[in-house]
Structures are given as C-alpha cells and as structure tokens.
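A quick write-up on the structure given underneath.
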Amino acid sequence: MLKQTEGSHAVAEAVALCRPEVVCAYPISPQTHIVEGLGEMVKAGDVENCEFINVESEFAAMSVAIGSSAAGARTYTATASQGLLFMVEAVFNASGLGLPIVMTVANRAIGAPINIWNDHSDSLSQRDSGWIQLFAETNQEALDLHIQAFKLAEEVSLPVMVCMDGFILTHAYERVDVPSQEQVDSFLPPYEPRQVLDPKNPVSIGAMVGPEAFAEVRYLAHAKQMQALELIPKMAEQFKAVFGRESGGLTHSYLTDDADTIVVAMGSVLGTIKDTVDEMRAAGEKIGVLGITSYRPFPIESVRAALQNAQRVVVLEKSLAVGIGGILSTDVRMAMSGLQLHGHTVVAGLGGRAITRKSLRALFAKAARGELEHLSFLDLDWNVINKQLERERATRRSGPAAESMLRDVGVIAARIG
Amino acid sequence: MSFQPLHFYQTGTFTVGNRLLSDKDRTVQADIGRTNSLNSGHRACQGCGEALGARFAIDAAMNAARGRLIAANATGCLEVFSTPYPETSWQIPWIHSLFGNTAAVATGIAAAIKVKRQKGEMGDVRVVAQGGDGGTTDIGFGCLSGMFERNDDVLYICYDNGGYMNTGVQRSSATPPAARTATTMPVGPEPGNAFGQGKFVPAIAMAHEIPYVATATVAGLHDLEYKVTKAMGMRGARYIHILVPCPLGWGAASQDTIKLARLAKETGVFPVFEAEHGEVTGVLKIRRQQPVEEYLKLQKRYAHLFGKKPAVETIARLQAAADKNIRKYGLLDQEAN
C-alpha cells in the first residue's frame, strides 16, 4: 500500500510486519520515532504477541535482546550514535553468540563534540563487531531491508544492523510502498533458532573458549558472513519475486560501465551523487556511481568488478578514521588491489554538514582533471581550523577547542547547510 | 527409597540434622530427587562458598519450578569454574553473556517466555539470574536496578564473597570495612578497606519496593531453601543476597566456610532477614551472639588487625557496625539481651 509517511514510521511498520516477539526501547535521537511507532502498534494490537520493554540504557537494550533471542524470540531494537557505543560490549557479545537480532542504526555522529546530526561514524565504529551491516539509500529501501534483515539474520544466525541516515531518512516524509502481512509472511518464515534455552533440552551457552578452539569459533563467524555474501543477492531476488521491486543486494551500480571516474558511497547521499552525475553526464563527463548496500560482509568481488574498467575512484564517505583518513575507502582500496587506479578519499558530511550538488560537482570535476588529493575534506573551513591551530601555537591554555572554533564561526553556527 | 522412621533428641547443639525432621521439612538438598543443577566435577576451589550457595539455591529453585528453569549467569568465578568446556556442570539451560548485563539478559529471557506462553508454544518456565558481588553491586548494578524498577519476573541471586575473587581478590563495593584486598592496600593508611564506603545492595533492592528481598548464608541451608522457595512462589522482581565465604580471598581454611558464614550471622556482621515490598518481614535471630573477633581472626584478610599491636579501635568499629545491624534489624531476642 502506498503511503506518504515518515522514514521512522515506515521502518516501524516494516518491523511490525515481521512479527517481532520482543522489542527493546531506549530513546536516542534520531532513532526514537521508530520505537515510539512500534510501541503504538503494539498497544493498538497491530503487533500480536509482542513484549515491548522500556529499558534503562542501550547496554540493557542489547542485553535484553541477547536474553530474548537466546530464549527463541524474534528480537528487535534500534539505536544511534552514543547509544550504539554505550552498548558495544553487548553488540560484540550478540554476534559472538550467533544471535539473529535485528537493530536499526539511525546513523548519527559520535561526540565529543556532541552532535545529533547524521554521519556514519557510529555504525562504522562497529565494523569489526561481527554484525552484518546493510545501508539504506532511501526510505523505501530502509523499509525493505528490515524485512530482508530478519530473514538473513535467522538464516545465518548472525545479527544484522540496518543503517539509515539519521534525520535525512528517519525524519523525511516520503512515499513508500508498505507491503501486506501476507506478502511478508510468505517471504519471512517463523523464527527457528539454531540454539535455544529450553528446559526440555538444556544447553549451556556462553562458555569460556580457550586457545584450543577460539580461532576456529571466530573463523566460523567469518564463514557465516561469507555465507551471507552469497545469500544477500539471492535474498534480493526472492524479495523482488514477492514484492515486485529491487531492494537490497550487495551493491548498486549507476552508469559505471563506461565510466572513467566512479564515485563510491553509502546511504542517502547516493541520491545527491546520482543527480550530480546526471548533470555531469549531460555535459559529457564519463562518471558513474557505485553504491554499497552491504558494508559487512564487504563485497570485495562485486566492488572490484564494478571498478575495474575505471581510471579513478573517489570514495566519498561520511566517516573519518582519525590518523589515516577513510574507513570505507580502506575496504574499497582492498577491493582495488592490483588494479591500476587512482584512488581518492573524500571525507564529507560529518556531523550533518550538507553535501550539496554544487560542492560535489566541483569535487568530481577536480578528480576528473587529476587534481584531487589522495585525502580531502569536502567544504572544510580552513580559516576556522588555521585560527585554532594558531591559537594553540600561541597560548598554552588555549581553552576548549570546539567552543573556541564555534566562537570563530559565530552565530551562524546553527546553520548546518 | 523408604526411610526408617527414627527419633533423635537434640542435646545442646543448634544443628538440626535432616534426620530429626519429618519428610516434608527436610531440605531439597537432602532429597534423592534433587536435580544437581550445578553438578559435581566443576573447578571451584576447596571449600568454595559460592559453589555451595549456587548448588543449594538453584536446586531449590528447580524444585519450586518443577524442573522448568533457565539461568543467566554473570562473568565471574561461578561462570568460569562451572563451564570449562567441553565440560559443563549445568544440568539446566544456562547462558553467560557478559559481566555487567545478567539482570537484563534474564529480563529478555522472561520476556521471550511470556510471549511463547501467550502463543501456547511454551509452558511456565521460570528465570533466575546469578552473579557474584562484583557483577551485581558494581558493574551490573545499572541493569539490576532497571530489572528491579520494571518489576521483571526474575529472581536475581547474588553470591557475595566481598570482592573480585576471580581476578585475584580486588575490592568491590561489597568488600567490608577493614578487609584487606589487593586494591585496598595501595589506598589509605591501612591495608584494609576504608570505613564509610561500600553499599549494602539488599537495602537498595528494598528501596525499589520489589516483591521480595532476602539475605541468607550458606550456613543456613533450611533458611536459604525456604527463601528461594518463597521467592519462586512469587512473581516480579525478587532478590536474594547470599553470603558465601571465599577461602582464597578471605585467607581462610577450606573447612571453615560454613563456620565463617555462621559466625557472620551470629556476630551480626551480616544480617539475615527477608523483606516484602520494601518492608522487613522477618529476621533470622542470633542464637548465641559472638564477638566479631571470633569471625575476624579466622581470616587472613583481617590479619593486620591482630598483630603484636592489635588494632583495638578498628575492631571496636567493626563491633559497633555489627551492633548497629543487631539494633537495626532486631537480630537479638529481647530476653537474650
């Protein structure tokens, strides 16, 4: 059914259609509308047989999820930013135990400085947590990916994060096609756990594993992600057969076949990039886009196949690995190894900084001219940075950096565009 | 098996053997039908109070739940010594997740059971969570308090040995005053834990006004089983805090575990009581009051109090703390005073 609705609500409806049995809720912007929406649906009886639990922290949210999933219940929670970081120990534990929990991450920057707006620092910090991470480009894809996520998680017994850009997607009202319960039921069978806490057949879960088997147990987690790599495209096909639209998969290519320059990115910024590419194509520029949907497992072969005929690759990422540069680009470089390609990392959109077509066009043109640096930061205000660096050179007690820089920016700091 | 009816008479001892009791008053532990939920073969130290406490408590809980019980376990001695895989001592479904999240994991299990019961996919299965004092009063305290305030249907059992024994005897917020640990030594003028610090979690549990809070020791098997059984007969959040002497961490002889637990109670150092909805409803009276020295001198963690120059003032402060417990909880019968 077509609906004009908020991204968060679309996701809440998708999760409700997946018949979750336990939902753990803890508020954090910009995720909160999702669990609020689910709470309303549970209360209204739209989700039968579902326990909605208000927990005292994100650490508890993931821990309750671990308990309920281990007891055989289909389990869902959602978080963002500091919340994801607060639950990290349990995040690793959930994947280590092989529990197919599904969690939305409404991507948001990590402080300090505290910032509620969008970038990908939060889920990318969980790169090696053992969770599958799928990135949605649109609200429709966010909705669709949740339905696929439960199926994927339960087939490989691994938890899945569905990552959607905070505010940009979660708070945007857009048209989405909400499937029927019959469609979802035909796609997603009831959860049959591989392991369950059952008095009829008692098992111990979570024993200590020493050097004699730890590497093997960890390898199994890798093997399961490799299974997921095979499964994700198949699941997208099955999804298309039932729901009649393309959603999910490992990567999405756009005008890459003859492209000299390929821009690689994840999430909602792909829309802006595609618009820019359309403009540049119209001007005769051979440029294309590779959107990565499955960040973990990382589709090395698929990325390599898409990039191999290009001359240069620009990885535009909403994340920063301080001390080296890119996070996503490190993985893309891995996929490019052996290919004679120019690689560029562009850090953009941190903390909600708008990524405009104008800036992108200038950036891509610079790349096409071969003038783009190895690592660059889109629309960085060098005046503010240099002023602060000078202040720190001149004065030992230069004060808190963020506050000084905000003062330099002035009252327009509230402007995020 | 049939039992030969015998009749004994007590002569000057407070020990009540099972053989003196009618069948229905005998302990679960004495029953050949006990479940041995924490089975033999585990790797606990000789004289481990926690192993004993867990065995008593979980068998009693299993008995009350008619064999349908799931346990969540915090990281710690109990977790490590019970599951040296490929061996496990647990005869019940058991999960260990993390050090600080056991109460929340148990909440999740209880939620899953509730849904499965609604769907008719599962019978009435009960949930216990268990951890040591570090996992309960320190790192797991946030999740514990959350479970309490939501009144989740979980019985949480804390095995309190007054420190982080699994990592080599460090201070926790349940380490008693003047007790020496590896991490009380570097702070302050005395090797022992400072006075005026720490917390008594049973009192904090009572402040949540949860249905049931109790303390117990491994010296009182009947009392412990009674409390576990009573707790299992209730719904909502329940908390039992069991004092479990640790021969390693306390520097005590393995054979003194029960004796020390009894002395902790008989001196007033550890008040044994129960409370419902935030109000004390019963206390286990001191039968033959002992001075705290009798309890302290058996433990090397207090050895610094008993050198050539006994720390008379410190011992007096510990006695005063015990006396305060006695007053506060009414641990002595009036006539005994």
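What's counted below: heavy atoms across the whole structure, side chains too, no hydrogens, waters or symmetry copies. Below, read A as the first sequence line, B as the second, and so on, with proteins coming before strands; counting in each chain starts at 1. These numbers come from a predicted model, not from an experiment.
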- [ ] Taking B/K116 for its side chain and A/A71 for its backbone only, find out whether a donor-acceptor pair lies under 3.5 Å.
- [x] no
Open item on the list: More than 12 heavy atoms of other residues, nucleotides or ligands under 6.0 Å from CD of B/Q46: yes or no?
Closed with: no
Task: Top contributor to chain A interface from B/I113, B/T102, B/T88 [non-hydrogen pairs under 4.5 Å] - done: B/T88
Open item on the list: Does A/K224, at its NZ atom, have more than 12 non-hydrogen atoms belonging to other residues, nucleotides or ligands within less than 6.0 Å?
Closed with: yes
- [ ] Flag yes if more than 12 heavy atoms outside B/K119 fall under 6.0 Å of its NZ atom; otherwise flag no.
- [x] yes
- [ ] Working to the nearest 0.5 Å, report the span between CG of A/N93 and OG1 of B/T75.
- [x] 8.0 Å
Task: For A/H222, ring-ring contact (aromatic ring centres under 6.0 Å, His included) partners two or more places apart - done: A/Y219
Open item on the list: Atom CZ of residue position B/R235 - does it have more than 12 heavy atoms of other residues, nucleotides or ligands inside 6.0 Å?
Closed with: yes
Task: Pairs of heavy atoms under 4.5 Å with chain B: top-ranked of A/L197, A/D198, A/V22 - done: A/L197
Task: Close contacts, residues 77-87 of chain B versus chain A, judged by heavy atoms under 4.5 Å - done: B/E79, B/V80, B/T83, B/Y85
Open item on the list: Are more than 12 heavy atoms, taken from residues, nucleotides or ligands other than A/E192, located less than 6.0 Å from that residue's CD atom?
Closed with: no
Open item on the list: Tell me which of these, B/V127, B/V125, B/L98, has more heavy-atom pairs under 4.5 Å with chain A than the rest.
Closed with: B/L98
Open item on the list: Out of B/G123, B/S145, B/A103, B/C143, return the one with the most heavy atom pairs under 4.5 angstrom to chain A.
Closed with: B/C143
- [ ] Verify the neighbour count for atom CE of A/M208: are there more than 12 heavy atoms of other residues, nucleotides or ligands below 6.0 Å?
- [x] no
- [ ] Please determine, among A/P199, A/A213, A/G210, A/G72, the option with the most heavy-atom pairs under 4.5 Å with chain B.
- [x] A/P199
Open item on the list: Report, in residue-number order, which members of residues 35-68 of chain A are under 4.5 Å from chain B by heavy-atom distance.
Closed with: A/N49, A/C50, A/E51, A/I53, A/N54, A/V55, A/E56, A/F59, A/A60, A/S63, A/V64, A/I66, A/G67, A/S68
Task: chain B contacts, top residue of A/G206, A/A207, A/A90 (heavy-atom pairs, under 4.5 Å) - done: A/G206
Open item on the list: On a heavy-atom basis, which atom in B/W90 and which in A/S204 lie closest, and how many Å separate them?
Closed with: CB-OG, 3.9 Å
TODO: Could you tell me which residues in residues 56-74 of chain B have at least one non-hydrogen atom under 4.5 Å from a non-hydrogen atom of chain A, sorted by residue number?
DONE: B/G67, B/R68, B/L69, B/I70
Task: Atom CG of A/L220 with >12 non-hydrogen neighbours under 6.0 angstrom - done: yes
